[in-house]
Amino acid sequence: MRLTNFSDYSLRLLMYAATRDGKLVTIEETAAAYGISRAHLMKVANLLVHAGFLKSIRGRTGGLALAMPPREIGVGAVLRATEPDFALVECFGADNRCLVTPRCRLRGVLNEALNAFVMTLDRYTLADLALRPEDFGIAPPIEAVPKPNPQKPHPQKPSRRKPPQDAI
């Protein structure tokens, strides 16, 4: 079984957005981070917005952000929204013309395997897939370093010299 590039890109876009902790991401920066087509990513983003996984902010300073916390975005739900079908073989599809379908045992085995695959994905959320910004080459946010207050004297540093030991 092979997932479509569309599903792959969908999961990648969601994973990238999850690293930004609510900050907006753009199609351009996400496409650059993964080295994938901006045009394909636009289509992916559109579907993810309509499916309720992402929210879109329009305008010059706009972008995309997760529409809900990563722990509420199920991997199985994303794939159900992005995969056109899970027809592993012809007999799973509507245009099945296989002569042995009524007696075939393969269909049941493959259906069982597909259900196990989807059930496994349902156990995971985007939070389970989340990476750190550094994994994408994004510098971590610089925490504000407190500036020294000129009105307060700096505390004395303790001496590093050992105190003399009394002879007994």
Item checked: Partners passing side chain to side chain donor-acceptor pair (under 3.5 Å) against Asn46 (at least two apart in sequence or in another chain) -> His50
Next item on the list: Output all residues satisfying side chain to side chain donor-acceptor pair (under 3.5 Å) with Ser37, sequence neighbours left out; order by chain, then residue number.
Entry: His40
Next item on the list: Indicate yes or no for a side-chain donor-acceptor contact from Asn115 to the backbone of Glu112 under 3.5 Å, with no hydrogens or angles considered.
Entry: no
Check: Measuring from Leu110:CG to Arg105:CZ, what's the distance to the nearest 0.5 Å?
Finding: 14.0 Å
Next item on the list: For Tyr16, enumerate each residue passing the side chain to side chain donor-acceptor pair (under 3.5 Å) test, keeping only those at least two apart in sequence or located in another chain.
Entry: Glu29
Next item on the list: Return yes when atom CZ of Phe6 has more than 12 non-hydrogen atoms of other residues, nucleotides or ligands closer than 6.0 Å, and no otherwise.
Entry: yes
Item checked: Nearest atoms (heavy-atom pairs only) where Gly22 meets Ala65 -> O-CB, 4.2 Å
Notebook entry, point to check: When rounded to the nearest 0.5 angstrom, what distance separates CZ in Phe86 from CG in Leu79?
Noted result: 5.5 Å
Notebook entry, point to check: Between Thr4 and Thr82, what is the shortest heavy-atom contact and its length?
Noted result: OG1-O, 4.4 Å
Check: With a cut-off of 6.0 Å (strictly less than), are more than 12 heavy atoms of other residues, nucleotides or ligands near CG of Asn5?
Finding: yes
Checklist line | Nearest-0.5 Å distance that lies between atom CG in Asn111 and atom CG in Leu106 | finding: 10.5 Å
Check: Only one of Thr26, Val49, Leu48, Thr30 forms a side chain to side chain contact (heavy atoms under 4.5 Å, CB included) with Leu64, so which one is it?
Finding: Val49
Checklist line | Lys/Arg-Asp/Glu bridge criterion (N-O < 4.0 Å) met for Asp8, Arg2 | finding: no
Notebook entry, point to check: Going by the salt bridge (charged side-chain N to carboxylate O under 4.0 Å, His left out) test, which pairs reach into residues 63-77, not counting sequence neighbours?
Noted result: none
Next item on the list: Let me see the working for Leu54 and Leu66 under side-chain contact (heavy atoms from CB on, under 4.5 Å), right down to the final yes or no.
Entry: CA-CA 4 Å; Leu54 287 176; Leu66 295 180; 4.0 Å; yes
Next item on the list: Report yes if the distance between the aromatic ring centroids of Tyr34 and Phe136 is under 6.0 Å, otherwise no.
Entry: yes
Checklist line | Within residues 35-50 or reaching into it, pairs that qualify as salt bridge (charged side-chain N to carboxylate O under 4.0 Å, His left out) - sequence neighbours excluded | finding: Glu28-Arg38
Note to self: Assess the residue pair Met15 and Leu131 against the criterion (side-chain contact (heavy atoms from CB on, under 4.5 Å)); give the C-alpha distance rounded to whole Å, side-chain angles, the decisive distance to 0.1 Å, and a yes or no.
What the structure shows: CA-CA 7 Å; Met15 288 170 61; Leu131 299 172; 4.0 Å; yes
Check: Rounded to the nearest 0.5 Å, how far apart are CG of Leu11 and CG of Leu121?
Finding: 8.5 Å
Item checked: Ile36/Arg12 under side-chain contact (heavy atoms from CB on, under 4.5 Å): CA gap, chis, key distance, verdict -> CA-CA 10 Å; Ile36 57 180; Arg12 291 192 207 190; 3.7 Å; yes
Next item on the list: Quick one: closest heavy-atom pair of Ile27 and Ala45, and the distance?
Entry: CD1-CB, 3.6 Å
Margin query: If you compare all heavy atoms of Ser10 against all heavy atoms of Val78, which two are closest, and at what distance to 0.1 Å?
Written below: CB-CG1, 4.3 Å
Notebook entry, point to check: Linking Ile, Leu, Val, Met, Phe, Trp and Tyr by side-chain heavy atoms under 4.5 Å, what else ends up with Ile57?
Noted result: Leu24
Check: Less than 4.5 Å apart, any side-chain heavy atom of Leu126 and any of Val75?
Finding: no
Note to self: Assess the residue pair Tyr9 and Leu13 against the criterion (side-chain contact (heavy atoms from CB on, under 4.5 Å)); give the C-alpha distance rounded to whole Å, side-chain angles, the decisive distance to 0.1 Å, and a yes or no.
What the structure shows: CA-CA 6 Å; Tyr9 294 172; Leu13 176 54; over 6 Å; no
